[in-house]
Engineer: 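What follows is a single structure, and I will ask about it in a moment.
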Amino acid sequence: MTVLCLLCEMEQTTPGAVVFRDELWAAEVAPGYEVPGWFFLRVRRHAELLTGLDDAELSALGRRARDLVAAVTEATAAPATYLLHFGENYRHFHALVAARGADVPAGQRGGNILGLRPGHIDRAAAVALVPSVRAAYARTARDAPDRG
């Protein structure tokens, strides 16, 4: 029996939902999480949990996360952008990068932001934001000093 992995299936995501893909990492609008300003940063091979990342993936993770958070913040003008990782529902390593708007009440900030998902899914609006985030990501990744 083949077990389907949502994160592995994201390799087939339409190009319009992709912020970036390199040899190790990708960032996309994720199925079921199509909230404008929310993206999954995921390792491209099936690696489970943070402990499943190889040295190259682990080495690149911080840079990719920093650049994506900066790009999402720039493109959305969000007062806060979260990087969340749980690994319980989807073991394939990924993190949710979620822009938090100024209109989000204090009680729904931090980890509670996930409670906004059901009422805020809007695939068209989420995908419409991708070109701005993609451009900001390209600029951020290009302009960042190599801390290798």
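Basis for what follows: all heavy atoms, side chains included, without hydrogens, waters or symmetry-related copies. Position 1 is the first residue of the sequence; numbering continues from there.
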Engineer: Spell out, yes or no, whether Val18 and Leu6 are grouped together once hydrophobic residues are joined by side-chain heavy atoms under 4.5 Å, including indirect joins.
Structural biologist: no
Engineer: Applying a strict under-4.5 Å side-chain criterion to I, L, V, M, F, W and Y, I'd like to know whether Leu129 and Tyr82 cluster together.
Structural biologist: no
Engineer: Could you measure the distance from the SG atom of Cys8 to the CZ atom of Arg44? Nearest 0.5 Å is fine.
Structural biologist: 11.0 Å
Engineer: If I compare all heavy atoms of Gly52 with all of Ala47, which pair ends up nearest, and what's the gap?
Structural biologist: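 Where Gly52 meets Ala47 most closely, the heavy atoms are O-CB, 3.6 Å.
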Engineer: Do Trp38 and Ile121 share a hydrophobic cluster, counting only Ile, Leu, Val, Met, Phe, Trp and Tyr and linking them when any side-chain heavy atoms are less than 4.5 Å apart?
Structural biologist: yes
Engineer: Does Thr140 reach the main-chain N or O of Ala136 with its side chain, forming a donor-acceptor pair under 3.5 Å?
Structural biologist: yes
Engineer: Check the pair His94 / Leu41 against side chain to side chain contact (heavy atoms under 4.5 Å, CB included), numbers first and verdict last.
Structural biologist: CA-CA 5 Å; His94 69 287; Leu41 174 63; over 6 Å; no
Engineer: Side chains of Val97 and Leu84, heavy atoms from C-beta outward: is any pair under 4.5 Å?
Structural biologist: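 A side-chain contact is absent here, since even the closest heavy-atom pair is not under 4.5 Å.
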Engineer: Rounded to the nearest 0.5 Å, what separates atom CZ in Arg45 from atom NE2 in His92?
Structural biologist: 8.5 Å
Engineer: Identify the heavy atoms of Gly87 and Leu49 that sit nearest to each other, and give their distance.
Structural biologist: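 Closest pair (atom of Gly87, atom of Leu49, distance): O-CD2, 3.5 Å.
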Engineer: Kindly work out whether a path of hydrophobic side-chain contacts (I/L/V/M/F/W/Y, heavy atoms less than 4.5 Å apart) joins Tyr137 to Val43.
Structural biologist: yes
Engineer: Evaluate the side chain to side chain contact (heavy atoms under 4.5 Å, CB included) criterion for residues Val130 and Val29: first the C-alpha distance (whole Å), next the side-chain angles of each, then the deciding distance (0.1 Å), finally the verdict.
Structural biologist: CA-CA 8 Å; Val130 169; Val29 174; 3.7 Å; yes
Engineer: Membership question, hydrophobic clusters at under 4.5 Å side-chain separation (ILVMFWY): are Val104 and Leu83 in the same one?
Structural biologist: no
Engineer: Tell me if the aromatic rings of His46 and Phe93 count as close, with their centers under 6.0 Å from one another.
Structural biologist: no
Engineer: Ignoring hydrogens and geometry, is there a side-chain-to-backbone donor-acceptor pair from Arg139 to Arg134 under 3.5 Å?
Structural biologist: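 Not confirmed, Arg139 side chain does not pair with Arg134 backbone.
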Engineer: Using distance only, find each side-chain donor-acceptor pair of residues 21-28 under 3.5 Å and give its atom names and separation, not counting sequence neighbours.
Structural biologist:
residue	atom	partner	partner atom	Å
Arg21	NE	Glu28	OE2	2.9
Arg21	NH1	Glu11	O	3.4
Arg21	NH2	Met10	O	2.8
Arg21	NH2	Glu11	O	3.4
Arg21	NH2	Glu28	OE2	2.9
Asp22	OD1	Leu24	N	2.8
Asp22	OD1	Trp25	N	2.6
Asp22	OD2	Arg64	NE	2.5
Asp22	OD2	Arg64	NH2	3.0
Trp25	NE1	Glu57	O	3.3
Glu28	OE1	Arg42	NE	2.8
Glu28	OE2	Arg42	NH2	2.9

Engineer: Can you name the residues that form a salt bridge (charged side-chain N to carboxylate O under 4.0 Å, His left out) with Arg123, not counting sequence neighbours?
Structural biologist: Glu34
Engineer: Rounded to the nearest 0.5 Å, how far does CG of Leu96 lie from CZ of Arg117?
Structural biologist: 9.5 Å
Engineer: Using every non-hydrogen atom in the two residues, find where Gly37 and Val72 come nearest and quote the distance to one decimal.
Structural biologist: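 Distance-wise, the nearest heavy atoms are O-CG1, 3.7 Å.
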Engineer: Can you tell me how the ring of Tyr33 sits relative to the ring of Phe40, calling it parallel under 30°, perpendicular over 60° and tilted otherwise?
Structural biologist: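 Rings of Tyr33 and Phe40: tilted, 30 to 60°.
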Engineer: Please round to the nearest 0.5 Å and tell me the distance separating atom OG1 of Thr76 and atom CZ of Arg100.
Structural biologist: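 Result: 10.5 Å between the selected atoms.
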Engineer: List the atom of Thr81, the atom of Ala78, and the distance in Å for their closest heavy-atom pair.
Structural biologist: OG1-CB, 4.0 Å
